[in-house]
Amino acid sequence: MTLVYSTETGRIQPEPEKKSRPQGDGIVRIHKETKGRKGKGVSIIKGLDLDDTPLKLLAAELKKSCGCGGSIKDGEIEIQGDMREKIKQLLEKKGFTVKLAGG
């Protein structure tokens, strides 16, 4: 016997669950990455357990102090150029535990 009609399935798709950011271990890691950027390096800051608004404010402050551009993607801050040492000093002044990773 085959199923002819069912109210359990149909064209209406359930809403996908909102992705939550992975929780960090309390250590902020600063990576250097050049892959997919035509050789241009960026410093990626991972492991910040901040909401959207404080994350945007921190990114703006880092971009201003480094004198370069950047963006926020998936809860990570990307700063143009290899600014890892300067970023590390600024984050340590704010009370974060920082490690340089990669590159």
Side-chain angles (χ1 to χ4, degrees):
M1 184 169 185
T2 61
L3 183 65
V4 177
Y5 179 78
S6 174
T7 59
E8 292 180 19
T9 60
R11 289 180 288 162
I12 300 173
Q13 299 292 326
E15 289 187 21
E17 293 183 26
K18 188 177 180 182
K19 292 182 181 179
S20 62
R21 289 189 200 142
Q23 294 296 320
D25 56 356
I27 299 173
V28 177
R29 289 178 172 82
I30 305 173
H31 298 264
K32 177 186 171 195
E33 193 172 290
T34 58
K35 186 181 262 186
R37 294 178 172 85
K38 298 180 183 176
K40 307 282 184 183
V42 295
S43 301
I44 301 177
I45 304 161
K46 300 180 180 182
L48 291 166
D49 290 332
L50 298 174
D51 292 330
D52 289 340
T53 305
L55 193 66
K56 287 179 184 177
L57 292 173
L58 180 62
E61 186 179 337
L62 290 172
K63 290 189 290 185
K64 187 175 182 180
S65 62
C66 292
C68 59
S71 65
I72 300 173
K73 294 182 182 172
D74 300 326
E76 299 172 352
I77 300 175
E78 293 184 5
I79 302 291
Q80 294 175 351
D82 188 6
M83 303 284 182
R84 291 182 296 167
E85 291 297 328
K86 188 178 266 190
I87 294 169
K88 181 179 178 184
Q89 292 172 358
L90 292 167
L91 290 176
E92 284 176 342
K93 284 181 186 175
K94 291 194 164 285
F96 291 102
T97 304
V98 182
K99 283 188 177 179
L100 297 179

Chemist: What distance separates Arg29 CZ from Lys46 NZ, expressed to the nearest 0.5 Å?
Modeler: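 Rounded to the nearest 0.5 Å, the CZ-NZ separation comes out at 10.0 Å.
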Chemist: Could you tell me which non-hydrogen atom of Ser43 sits nearest to which non-hydrogen atom of Gly81, and how far apart they are?
Modeler: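 Ser43 and Gly81 have their closest heavy atoms at OG-O, 2.9 Å.
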Chemist: Please output the side-chain donor-acceptor pairs of residues 57-68 that fall under 3.5 Å, not counting sequence neighbours, one pair per line with the distance.
Modeler:
{"from": "Glu61", "atom 1": "OE1", "to": "Lys94", "atom 2": "NZ", "distance (Å)": "3.3"}
{"from": "Glu61", "atom 1": "OE2", "to": "Lys94", "atom 2": "NZ", "distance (Å)": "3.4"}
{"from": "Ser65", "atom 1": "OG", "to": "Glu61", "atom 2": "O", "distance (Å)": "3.2"}
{"from": "Ser65", "atom 1": "OG", "to": "Leu62", "atom 2": "O", "distance (Å)": "3.1"}

Chemist: Can you name the closest pair of heavy atoms from Met83 and Gln80 and give their distance?
Modeler: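 That would be CG-O, 3.8 Å.
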Chemist: To the nearest 0.5 Å, what is the distance between CD on Glu78 and OG on Ser71?
Modeler: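 Rounded to the nearest 0.5 Å, the CD-OG separation comes out at 4.5 Å.
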Chemist: Grab the two heavy atoms, one from Val98 and one from Ile30, that are nearest each other, plus how far apart they are.
Modeler: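 Closest approach of Val98 to Ile30, heavy atoms only: CG1-CD1, 3.5 Å.
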Chemist: Quick one: CG on Asp49 to CZ on Phe96, what's the gap to the nearest 0.5 Å?
Modeler: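 Going from the CG atom of Asp49 to the CZ atom of Phe96 covers 9.0 Å.
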Chemist: Could you grab the distance from atom NZ of Lys86 to atom CD of Gln89, nearest 0.5 Å is fine?
Modeler: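 Separation between the atoms: 8.5 Å.
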Chemist: Name all residues meeting the salt bridge (charged side-chain N to carboxylate O under 4.0 Å, His left out) criterion together with Glu33; count only those two or more places apart in sequence or in a different chain, and write none if there are none.
Modeler: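 Scan of Glu33 (salt bridge (charged side-chain N to carboxylate O under 4.0 Å, His left out), adjacent residues dropped) gives Arg37.
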Chemist: Could you pull out the closest heavy-atom pair between Asp51 and Pro54, with the gap in Å?
Modeler: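 Asp51 and Pro54 have their closest heavy atoms at O-CD, 3.4 Å.
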Chemist: Are Ile79 and Val42 in one and the same hydrophobic cluster, where Ile, Leu, Val, Met, Phe, Trp and Tyr link if side-chain heavy atoms are under 4.5 Å apart?
Modeler: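 Ile79 does not cluster with Val42.
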Chemist: If two hydrophobic side chains count as joined below 4.5 Å and joins carry through other members, does Leu100 share a cluster with Ile44?
Modeler: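 No; Ile44 is not reachable from Leu100 via cluster members.
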Chemist: Report the distance from atom CG of Leu48 to atom CD1 of Ile72, rounding to the nearest 0.5 Å.
Modeler: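 Reported value, rounded in 0.5 Å steps: 9.5 Å.
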Chemist: Taking all atoms of both residues into account, what is the closest heavy-atom pair of Val28 and Gly47, and its distance?
Modeler: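 Minimum heavy-atom contact is CG2-O, 4.1 Å.
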